[in-house]
Structures are given as structure tokens and as C-alpha cells.
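Accompanying notes for the structure given below.
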Amino acid sequence: PELGIKCAEIVRPLDDPRLNRVVDAARRSTGIHTIPKEGASKELLRFLREKGLVGIMVDQSPRKSAVPVEFFGQSTWGTIGPALAALRANAAVSSVSIYREPDGRYTLEIGPPFETTRTGNVLEDLQTNSQRYQEAAEAMIRKHPDQWLWAHRRWKPRPKLEEEWRARLARAREKAPSPPE
């Protein structure tokens with residue numbers, strides 16, 4: 001924000017409204033706009049089209065809008081947020097990490113933009129690109145594992161997501177043209 005760049009982050013509001021107000025005020029105190037995770041796609045796309053930068057945590061266990069991915073060799077679910085932004089808003093997606101140096105200073109690392117796969121098969125593209133982002137997060141964590149703050153079950157079963165994914169695949173198969181005979 002200090003460089004004239006509009007920045008936002010996708011956040012899940014905390015369950016306690018009083019604590020959420022305090023945390024949100026801290027987030028916004030540096031000029032960062034917060035976008036509530038629920039129904040974020042419209043605001044995310046608008047923000048990106050206005051040339052803003054948006055941060056999305058990809059190491060979280062999403063409850064909605066997810067695709068199956070591998071993370072640290074285990075099957076789990078990954079958010080489609082960054083892949084959706086890349087495909088719909090033609091936004092560049094890069095990995096970003098910050099880590100503490102032994103002397104107490106912090107280093108910010110911004111990776112080069114990822115290649116965005118665009119086959120025309122939306123489900124496949126979302127899954128392929130999302131997997132790429134999961135692998136980048138895993139590489140960052142492996143580089144500084146002692147600095148990965150983790151407080152929830154990343155690999156928990158998500159029966160609702162599994163059901164939704166199967167339904168999406170079935171609908172995609174129904175829409176696919178039949179091969180010539």
C-alpha cells in the first residue's frame with residue numbers, strides 16, 4: 001500500500017465477532033483491504049481487474065470451492081481461488097513467503113509467475129493449476145519448516161467436497177461431445 005499498490009487478502013472471519021474486529025483492524029491498519037472468504041470471487045475478480053494484488057492462503061483446508069490435490073504426499077483439498085483468478089481475470093499468480101532470519105530480520109520472497117494451464121477443460125485446468133500452487137507452498141514450507149504456523153487438520157475428510165467434485169465431473173462428462181464413430 002505504501003508504494004501506491006492496492007493490496008487485499010481473502011480472509012475467513014473469526015467466529016468471535018469481538019476478536020474478529022480486533023484482528024481485522026490490525027490487518028487493515030497497514031492499508032490492506034480484507035475480502036471475506038464467503039462469496040469472495042466477485043470482489044476478488046473486480047479487485048484484480050483494477051490492478052490490485054490479492055493474497056490467498058493455499059495451505060488451508062477449504063470448506064468450499066475446492067479441487068482434489070496432493071499436499072506432502074497426501075490427498076486433500078486445495079482452494080481454487082488463485083487458479084480461478086488466473087483463468088477468469090487473466091491474473092498472474094506467484095508464490096509469496098516471508099520468513100524470519102536468524103538475526104531477527106524478515107525476508108520476503110516472491111516467486112516468478114506460474115505458468116497457467118488453459119486446456120479449455122475448466123475442471124482439469126482448475127485442478128492442474130491448483131496442484132501447482134500446492135507444490136509451491138510445500139516447497140516453501142520444506143525450506144523453513146520450523147516457521148510454518150499450523151493449527152488445524154489439513155488432511156481431514158471432506159465428504160461434501162467429494163460429493164460435489166463427483167457431481168461436477170459427471171456434469172462435465174454429460175456435456176462433453178461424444179467421440180466420432
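Computation of the quantities below employed the complete heavy-atom set of this structure, encompassing side-chain atoms and omitting hydrogens, waters and symmetry-equivalent molecules.
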Looking at [X] and [Y], would you say the former's side chain and the latter's main chain have a donor-acceptor pair under 3.5 Å?
X	Y	answer
Gln131	Glu70	yes
Ser130	Gln127	no
Gln147	Arg100	yes
Gln134	Val58	yes
Glu9	Ile56	no
Trp155	Phe71	yes

[atom1] of [X]: more than 12 outside heavy atoms within 6.0 angstrom?
X	atom1	answer
Arg63	CZ	no
Arg168	CZ	yes
Arg12	CZ	yes
Lys156	NZ	yes
Glu101	CD	yes
Glu50	CD	yes

Would you compute the distance between atom [atom1] of [X] and atom [atom2] of [Y] and round it to the nearest 0.5 angstrom?
X	Y	atom1	atom2	value
Leu87	Ile80	CG	CD1	9.5 Å
Ser94	Phe114	OG	CZ	7.0 Å
Trp77	Ser65	CH2	OG	12.0 Å
Glu115	Asn129	CD	CG	8.5 Å
Arg154	Phe72	CZ	CZ	10.0 Å
Arg158	Ser75	CZ	OG	15.0 Å

Taking all non-hydrogen atoms of both residues, which atom of [X] and which atom of [Y] are closest, and how far apart?
X	Y	value
Ser95	Met140	CB-CE, 3.9 Å
Ala85	Leu45	CA-CD2, 4.2 Å
Leu44	Gly81	CD2-O, 4.1 Å
Ala66	Leu161	CB-CD1, 3.8 Å

Name the residue from Thr116, Thr117, Thr119 that meets the side chain to side chain donor-acceptor pair (under 3.5 Å) definition with Asp125. Thr119
Would you say [X] and [Y] are hydrophobically clustered, going by side-chain heavy atoms of ILVMFWY under 4.5 Å?
X	Y	result
Tyr133	Val96	no
Leu84	Val93	no
Leu19	Val11	no
Val122	Trp165	yes
Ile35	Ile32	no

Pair [X], [Y]: side-chain N/O donor-acceptor within cut-off below 3.5 Å:
X	Y	value
Glu43	His33	yes
Asp59	Trp148	yes
Arg49	Asn90	no
Arg28	Thr34	yes

Walk me through whether Ser61 and Arg153 qualify under side chain to side chain contact (heavy atoms under 4.5 Å, CB included). CA-CA 7 Å; Ser61 180; Arg153 292 174 43 221; over 6 Å; no
For a 4.5 angstrom cut-off between non-hydrogen side-chain atoms, does [X] reach [Y]?
X	Y	answer
Ile98	Thr107	no
Ile5	Cys7	yes
Asp24	Val22	no

Between Lys64 and Glu164, is there a side-chain N and carboxylate O pair less than 4.0 Å apart? no
Just do the ring-ring contact (aromatic ring centres under 6.0 Å, His included) check on Tyr99 and Tyr106 with the steps written out, would you? CA-CA 6 Å; Tyr99 59 91; Tyr106 288 87; 8.9 Å; no
Passes side chain to side chain contact (heavy atoms under 4.5 Å, CB included), Glu109 versus Lys143? Steps please. CA-CA 12 Å; Glu109 286 186 358; Lys143 188 172 179 181; 2.7 Å; yes
